[in-house]
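Notes to accompany the following structure.
Side chains are part of it too, since the values below use all heavy atoms of this structure and drop only hydrogens, waters and symmetry mates. Along the sequence shown, residues are numbered consecutively beginning with 1.
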Amino acid sequence: MHKLLVLLLAALQIAAIKFELPSAPPGGTRRCVKQYILADTLVVGHYEVGPDQSKEQRVDVEIFDDAAIASKYYHKNSVNEGSQKFTFNTHETANIHYCFTNTNTNQAYHESQGHKRTVALHVDTGAEAEDFNEAKKNLEPLEQELYRLERISQQLIKEMDVLKVDEEKMRDVNESTNTRVAWLSTLSIIVLVAAAAWQLHYLRTFFRSKKIL
């Protein structure tokens, strides 16, 4: 229920974050923001990189997923100050990673100098990413809003269906695991009883051979 609530809120809200990205020598400092998105979902967003006071910082941006067959949706090196946009459709249901890397081009740079750049990321997904004003420009404002709510409802139903399938898979895995554990426990008991019986038989034979019994 808690997971479902999180997904419902995620579907209705816009993802936005702002953070400072420290600079580092070759290799750079890498920061990633992760967002779980369903397959075949429209993603529209933009990011804004703050000014480089030192003129020695290079920011690279990469967007990709962690599906079994990973897809790279966006990549740009040496991003200039200001806002940049991106748009893509996801290929698989997976976590989408928005990664920013700040590399200092000065070989003599030390982290104690404290160079950093501000990064702001804004992402819309699904129904929130669609431009209803353009797609339904012949509709009245109220009709456009009703259409937008209908698209959001469809997205929520789709996400709940995915959750249901995931829950069924997890239940099947749990049942399979419980069955295997039960068989293993039964086998362990049989082995222990057999070992105890064999030890008892051995001891009786040993004591009789020694004429103790």
Locate the shortest heavy-atom distance separating Phe206 from Ser209; write the atom from each residue and the value.
O-OG, 2.5 Å
Quick one: closest heavy-atom pair of Thr90 and Thr41, and the distance?
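Looking at all heavy atoms of both residues, the closest pair is OG1-N, 2.9 Å.
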If you group Ile, Leu, Val, Met, Phe, Trp and Tyr whenever their side-chain heavy atoms sit less than 4.5 Å apart, what else falls in with [X]?
| X | value |
| --- | --- |
| Ile189 | Val193 |
| Leu200 | none |
| Val191 | Leu187 |
| Val44 | Leu42 |

Do [X] and [Y] touch side chain to side chain, with heavy atoms closer than 4.5 Å?
| X | Y | result |
| --- | --- | --- |
| Tyr36 | Thr125 | no |
| Tyr98 | Tyr74 | no |
| Leu121 | Val123 | yes |
| Asp124 | Val43 | no |
| Lys158 | Gln155 | no |
| Asp40 | Asn89 | yes |
| Glu128 | Ile152 | yes |

Stepwise side chain to side chain donor-acceptor pair (under 3.5 Å) test for Ser71 and His91
CA-CA 7 Å; Ser71 299; His91 301 156; 3.1 Å; yes
For residues 52-93, the disulfide (SG to SG under 2.5 Å) pairs (sequence neighbours left out) are none
So the disulfide (SG to SG under 2.5 Å) pairs with at least one residue in residues 15-57 (sequence neighbours excluded) are Cys32-Cys99
Report the residues that fulfil side-chain contact (heavy atoms from CB on, under 4.5 Å) with [X], sequence neighbours left out, ordered by chain and then residue number.
| X | value |
| --- | --- |
| Gln199 | none |
| Asp66 | Ala94, Asn95, His97 |
| Thr29 | Leu21, Pro22, Ala24, Arg31 |

Taking side-chain hydrogen bond (donor to acceptor under 3.5 Å, both in side chains) as the cut-off, I'd like each qualifying pair that reaches into residues 184-197, sequence neighbours left out, listed once.
none
Would Ser54 and His115 count as a side chain to side chain contact (heavy atoms under 4.5 Å, CB included) here? Give the steps.
CA-CA 7 Å; Ser54 64; His115 292 173; 3.4 Å; yes
Is there a side chain to side chain contact (heavy atoms under 4.5 Å, CB included) between Ile63 and Ile96? Walk through the geometry before answering.
CA-CA 7 Å; Ile63 302 176; Ile96 305 298; 3.8 Å; yes
Could you check whether any side-chain N or O of Asn106 sits under 3.5 Å from a backbone N or O of Glu56, counting only pairs where one atom can act as donor and the other as acceptor?
no
Side-chain donor/acceptor of Arg117 to backbone N/O of Gly50, under 3.5 Å:
yes
Is it true that, when you exclude Leu184 itself, more than 12 heavy atoms of the residues, nucleotides or ligands shown sit nearer than 6.0 Å to its CG?
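Correct, the count exceeds 12.
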Can Asp52 and Gln57 be said to form a side chain to side chain donor-acceptor pair (under 3.5 Å), step by step?
CA-CA 6 Å; Asp52 177 13; Gln57 302 176 78; 2.9 Å; yes
Check the orientation of Phe88 and Tyr73. Use parallel for under 30°, tilted for 30 to 60°, and perpendicular for over 60°.
parallel
Should the pair Phe86 and Tyr47 be assigned to parallel (<30°), tilted (30 to 60°) or perpendicular (>60°) ring geometry?
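The rings of Phe86 and Tyr47 lie parallel, inter-plane angle below 30°.
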Salt bridge present between Asp166 and Lys164 (N-O < 4.0 angstrom)
no
Would Gln84 and Val79 satisfy side chain to side chain contact (heavy atoms under 4.5 Å, CB included), going step by step from the backbone distance to the final call?
CA-CA 8 Å; Gln84 307 283 339; Val79 176; 4.0 Å; yes
I need the full list of salt bridge (charged side-chain N to carboxylate O under 4.0 Å, His left out) pairs touching residues 68-91, with sequence neighbours left out, sorted by first then second residue.
Glu62-Lys72
Got a sec, which pairs hit ring pair (Phe, Tyr, Trp, His ring centres under 6.0 Å) with one end in residues 160-196, sequence neighbours left out?
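Qualifying pairs, neighbours excluded: none.
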